[in-house]
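Note that ligands are numbered from 1 as they come in the structure, with each ligand's atoms numbered from 1 the same way.
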Amino acid sequence: MKMASNGVRAVRGFWVVFLVLLRLSCSAGQMVPALFVFGDSLVDVGNNDYLPISIARANFPPYGVDFPTKKPTGRFSNGKNAADFIAEKLGLPTSPPYLALISNSSESNSSLPFLTGVSFASAGAGIFDGTDEILHQSIPLTKQVEYYLAVHQNLVQHMGSSGAQKHVAKSLFLIVIGSNEIFTYSRSSDLRKQQTPQQYVDLMASSLKDQLKRLYSNGARKFVFAGLPPIGCCPLQRNQNKTDGCKEDTNSWSRMYNEALLAMVKGLKSELNDMSYSYLDIYNVVQKFIQNPSAYGFTEVKDACCGLVNPIAIIPCLPISQYCSYRRDHVFWDLVHPTEETNRMFIDIAFHGSPQYTYPVDVQQLATVET
Ligand SMILES: *[C@@H]1O[C@H](CO)[C@@H](O)[C@H](O)[C@H]1NC(C)=O
Ligand SMILES: *[C@@H]1O[C@H](CO)[C@@H](O)[C@H](O)[C@H]1NC(C)=O
């Protein structure tokens, strides 16, 4: 009897310890300690609202119409964007805009404002320091990386260098950039005379590589790369095709860049073998939506929900714009940005997609890689 009751107690003790441990790991509920976001309007969660003169802002309705408050937040979407969904899946709060954290002194005074990550993404940003950046209308990638270096310093101060190293090495670095270079190339016949598409995309990839190395030197080990979408299929570009089709040259530059990006990342991985990454093939995901919309719940793959496109006029999404009453069946929210629903699907695929669209590992697998 005595032995049995001891046994019961031991078993019960085991379960208590087990449940407490389980609870600790679940109450954290996080797959990784932090998410650091770099990129453009596809993942901007409000940085540009803090730039003094930027016109690249989504701080007016109907942007944000599908948030419970219906308020615009600086996201170029009717609701959440891909940065929100990826954080949600990782069990993290959305990484807040860096400029909000540093402008709000009371928040930055809290002991560790950057602990679960921060977003440097800025609408209009590119890999190259373009004119937008010189006019301070967006934060170019080089500057985003400089901001990260400051955050890294802050983490080292608070956690010590080995604590910060472990924290950052387990964290994910999301990189969503390059569309603005392709838009620029598409707009500028001068640029197209100076550089072949291949030269241009190779320069994009090698410039990105320099920035990735800076991140790596400051602790980054796990990267999530989004390839470019078929940019020639966004409503703004379709408008330049008389038959309403996708703009084929722009699409070919997007594909060319994606190939250059993948080759560069593979090269980087062979140089730095303790880095790991997940690549999301947004190009082919969007093509799939366009070719077979009903399979994914879409009925409108060409027109923007907000604003108006027709063969004569393009009207962007503005406070006075009409917008569709049902957003979930549109791939595009405005002339260039996806709807919340499209963003949700991107991230579902990034976490649980077929290996055809997310490789060499998906984001869920990347999160569990030991560093
Ligand atoms: C942070 O806030 C506390 C009071 O809330 C204040 O005493 C302290 O000086 C502040 N620290 C900094 C670095 O601003
Ligand atoms: C316009 O779209 C059609 C398909 O509808 C395509 O065949 C054609 O190449 C496109 N034109 C340009 C200039 O991209």
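- Within 4.0 Å of ligand 2, protein heavy atoms come from Asn241, Thr243, Gly245, Cys246, Lys247, Glu248.
- Asp249 and Lys247 are joined by a salt bridge, as a carboxylate oxygen and a charged side-chain nitrogen come within less than 4.0 angstrom of each other.
- Looking at residues two or more places apart in sequence or on another chain, you find a side-chain contact (heavy atoms from CB on, under 4.5 Å) between Phe67 and Thr69, Thr73, Arg75, Lys80.
- By the side-chain hydrogen bond (donor to acceptor under 3.5 Å, both in side chains) test, Thr342 pairs with Thr339, sequence neighbours left out.
- Arg328 has no carboxylate O lying under 4.0 Å from a charged side-chain N of Glu340, or vice versa, which leaves the two without a salt bridge.
- Applying the 6.0 Å contact sphere to NZ of Lys143 captures no more than 12 heavy atoms from other residues, nucleotides or ligands.
- When hydrophobic side chains of Ile, Leu, Val, Met, Phe, Trp and Tyr are connected at separations under 4.5 Å, Tyr323 ends up clustered with Phe60, Tyr63, Val65, Phe76, Trp333.
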